[in-house]
Amino acid sequence: MAQAGLGPAGSQAGLVATASAAVSQHGGVSATLPGVLADAPVAVLLIDRDQGTVTFANTVAVELAGNVHLPLPVDAWGAAAGLTDLGGAPLASTSGPLSLVAQGQPVTGEAVRLVPGRSNRTERARSDDGTRDRLLWVTGFPLSQPDSSDAQLSLVVFLEVQTPEADGDPEAALQALRERAVIATDITFTISDPRQEDGPLIWVNPSFTRITGYEYGEAVGRNCRFLQGTATDPDAVAEIREALAEQRAVTTTLLNYRKDGTAFWNQLSISPVFDGEGELVSFVGVQTDVTERVRVEHERERAFAAEQTARQEAELARATAEQARADAEGARTQAEQATNRLALMAEATSTLIATLDMSDLLDRLAGLCVPLLADWVFLTLVDENGDVVQTAHRHRDGLDEQLRAFSTLHALHLPPGSPSRQSMTRSRPVLIDRDPARLAGAFATDAAREAFDALGGHSVLTVPMVARRRTRGALALVLSGEDRTFTPADVDLAEDLSRRAALAMDNVRLYQQEHAVAEILQRSLLPDLPDIPGVTAAAHYVSASAATDVGGDFYDLLHLPDGSVGLVIGDVVGHDIAAAAAMGHLRGIIRACVWDAPDPDPGVVLARVDLLVQGLNVASMATLAYARAAPPTAPGEPWRVHLADAGHPPLLLREPGGTVRVLDEINGLLVGVDDGAHRPTTVLEVPSGSTLLAYTDGLIERPGVDLDLGISELVERIAATPADATPRALCDAAVAGTLDGRDDVALLALRLG
């Protein structure tokens, strides 16, 4: 078709021609035109070419010609509207645009004049006040193939375009009209080319960009399916695809997505356009954002339902005064339930996402359901094979033991006929409303049925809990009272709640998987303490990262080749997986430098570690403390402890009598600051039975508290332990204080002798 190659600056004729294809030769006027273009801000006519008559006029067209009786001959309609060519001659001629369209010929764009006072209608509507003539731009196209057995139809579109005065020069006025022909409508038009691979868009109007957010260059060249998303109805998409394949018109409403990800309801009409030879050349789409209309329709339906309920209650109330009081009480109860249900959905999301423990989440979900939705509830979770792995339940009367017995008899052994199993299999709600026969088939054993009856079950509603296309379990709601039943609103509410719960459960599952991976990673990075003759050791680790359980704090204990014992404590800057990875590299470097070092002096070892860390770019910065404890050479002699520190909190020494000493005599520069820094080594004579306690700053740091105070509190906790306290007991005492979780904590206690 002539408009198939229009760009964003294309002529007004091409744009209006796009609108003209909104009616299909197969769909008819009633299927598409009134629904999409009846209220469009352009005048639209439908012409029966066999009869040469106007058979349809939208609202704007009626304003042009008046409410004339249709069908009406084309020339008569033009005369009623007061249409002339630019020279003032009537359009009733074989060369006029209306006549050409009526003959089945396309009119790609022609200017005509609407003369005030030319028709009876305008004479009545206007006073002789010198009103200027109005200029209209006319476009028309046949809507059916010449050899089609369907009605031979054509569409004509008039768009009024205001033009400046052109000194009375008709040609100048026409040129100005063409230059300023810009559509001003909220209707979105698109053209796709079925002759190209994948049927890409070849033109969209500016309204398309305003509604979808996609610029012209982002849309053209792509199949329009990019507007679809995860919630787009696949049946609607299949309907469109089938219509395109059959070269027929289709009208539907589906959920589309803007460029920014927001969803909107799109009323879409697609029509094929054929050339004079009957060949398909384009598909023309007319679409309108009807989100507000869909919302209003839903609200109208709910309001109508509420009105009907209120009217029935009023009629019953008039029967007797006693019945009126009963109805009023029931209305108050229903109002309270409605309020509670609204509060339930407002609370559900925040309540369910507030925990990462599956049992706690199920308990919270049960609490949300009872008593607002049901008298009692039981929940079943299944694994990938559909086997029940976990249950939860709650009764409004606190019948926990009876419910637990029922869960054991039934929920853990769901037969195929049970509502919960059917919901999970079919992925839709199942309602059994006081149907003894169906209830009888829902249980695998007579004992399970008896337990159900003892709990007072009459009506059962089950909904599947599905998240990310995976069934997590089923939510079973039960009503005990024979005078109550589940309503469609209850079903919708239960489905909404189950979807939220399933998503929260899947998030818990994902968290637990990540937690397990992180725990394995952390365990692989932190060593198992070796068994070293003559010493006893214990360690403790807590990560500040709740999401990963890994961090940059570490410890190590080595039995060196010369018989001495190496103790390392360190802290890499950071509290995440990156810090943990850097810590793993740093720990490997320290082990390599400590093991069989040419010069075992801790200060020399730390200098070597610093040099390698900066040379290999292992970590940004870290604090380290390294102690090398040499056993006594003869019974009764002390241990000799060589100690060096690189910006790390001072180690504690707990002597056999219980006295605690802070080893703060030395301190050196952090690792990663200066690869030439020298760190002194101190040598301590330590009596056998003493315990070295190495820790990271997470144990002593708290917001607003001085580090010295944190160290003093730690010393007090260690000193308060019994004299014969083991290294494990000392670790437990050290972490018994308040940890705020802002930093990792690593702790290593080493008893010498």
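Numbering of residues begins at 1 and proceeds along the displayed sequence.
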Check whether any side-chain heavy atom of [X] lies under 4.5 Å from a side-chain heavy atom of [Y], and answer yes or no.
| X | Y | value |
| --- | --- | --- |
| Tyr214 | Thr209 | no |
| Glu495 | Leu461 | no |
| Leu497 | Leu365 | yes |
| Leu98 | Leu83 | yes |
| Arg509 | Arg468 | no |
| Ser192 | Leu201 | yes |
| Arg258 | Asp289 | yes |
| Cys224 | Thr190 | no |

Quick check: closest heavy atoms across [X] and [Y], and the distance to 0.1 Å?
| X | Y | result |
| --- | --- | --- |
| Leu227 | Gln287 | CD1-OE1, 4.5 Å |
| Asp260 | Thr262 | OD1-OG1, 2.7 Å |
| Leu254 | Ala236 | CB-CB, 4.0 Å |
| Asn223 | Asp198 | ND2-O, 2.6 Å |
| Val478 | Ala374 | O-CB, 3.4 Å |
| Ala263 | Leu255 | CB-CD1, 3.9 Å |

How long is the straight-line distance from [atom2] of [Y] back to [atom1] of [X], given to the nearest 0.5 Å?
| X | Y | atom1 | atom2 | answer |
| --- | --- | --- | --- | --- |
| Arg421 | Arg426 | CZ | CZ | 13.0 Å |
| Met424 | Arg472 | CE | CZ | 12.0 Å |
| Glu384 | Thr471 | CD | OG1 | 11.5 Å |
| Leu479 | Phe486 | CG | CZ | 3.5 Å |
| Ile240 | Asp235 | CD1 | CG | 11.5 Å |
| Ile202 | Arg195 | CD1 | CZ | 7.5 Å |

Take atom CD in Glu299; do more than 12 heavy atoms of anything else shown fall under 6.0 Å from it?
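It does: Glu299 CD has more than 12 such atoms within range.
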Run the side-chain contact (heavy atoms from CB on, under 4.5 Å) check on Val296 and Arg300 step by step: do they pass?
CA-CA 6 Å; Val296 170; Arg300 185 183 300 115; 3.4 Å; yes
Has [X] got a side-chain atom pairing as donor or acceptor with [Y]'s backbone, closer than 3.5 angstrom?
| X | Y | answer |
| --- | --- | --- |
| Tyr257 | Ala231 | yes |
| Asp490 | Thr487 | yes |
| Ser154 | Gly104 | no |
| Thr462 | Ser423 | no |

Can a side-chain donor-acceptor contact be found between Thr351 and Arg364 if the only test is distance below 3.5 angstrom?
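Short answer, no.
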For the residue pair Thr355 and Asp357, confirm or rule out a side-chain donor-acceptor distance under 3.5 Å.
no
Between Glu315 and Arg311 (salt bridge meaning N to carboxylate O under 4.0 Å), is one present in this structure?
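Not counted as a salt bridge, because no side-chain N and carboxylate O are separated by less than 4.0 Å.
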Between Thr55, Asp48, Val54, which is the residue that forms a side-chain contact (heavy atoms from CB on, under 4.5 Å) with Gln51?
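Single pass found, and it is Asp48.
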Please identify each residue that fulfils ring pair (Phe, Tyr, Trp, His ring centres under 6.0 Å) with Phe264, with sequence neighbours left out.
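Partners of Phe264 by the ring pair (Phe, Tyr, Trp, His ring centres under 6.0 Å) criterion come out as none, since no residue qualifies.
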Val290 vs Asn266, test: side-chain contact (heavy atoms from CB on, under 4.5 Å). Steps then yes/no.
CA-CA 6 Å; Val290 293; Asn266 186 9; over 6 Å; no
Step-by-step side-chain contact (heavy atoms from CB on, under 4.5 Å) determination, Val237 to Thr232
CA-CA 8 Å; Val237 176; Thr232 302; 3.8 Å; yes
Carefully, step by step, assess Leu475 and Leu477 under the rule side-chain contact (heavy atoms from CB on, under 4.5 Å).
CA-CA 7 Å; Leu475 167 68; Leu477 303 170; 4.2 Å; yes
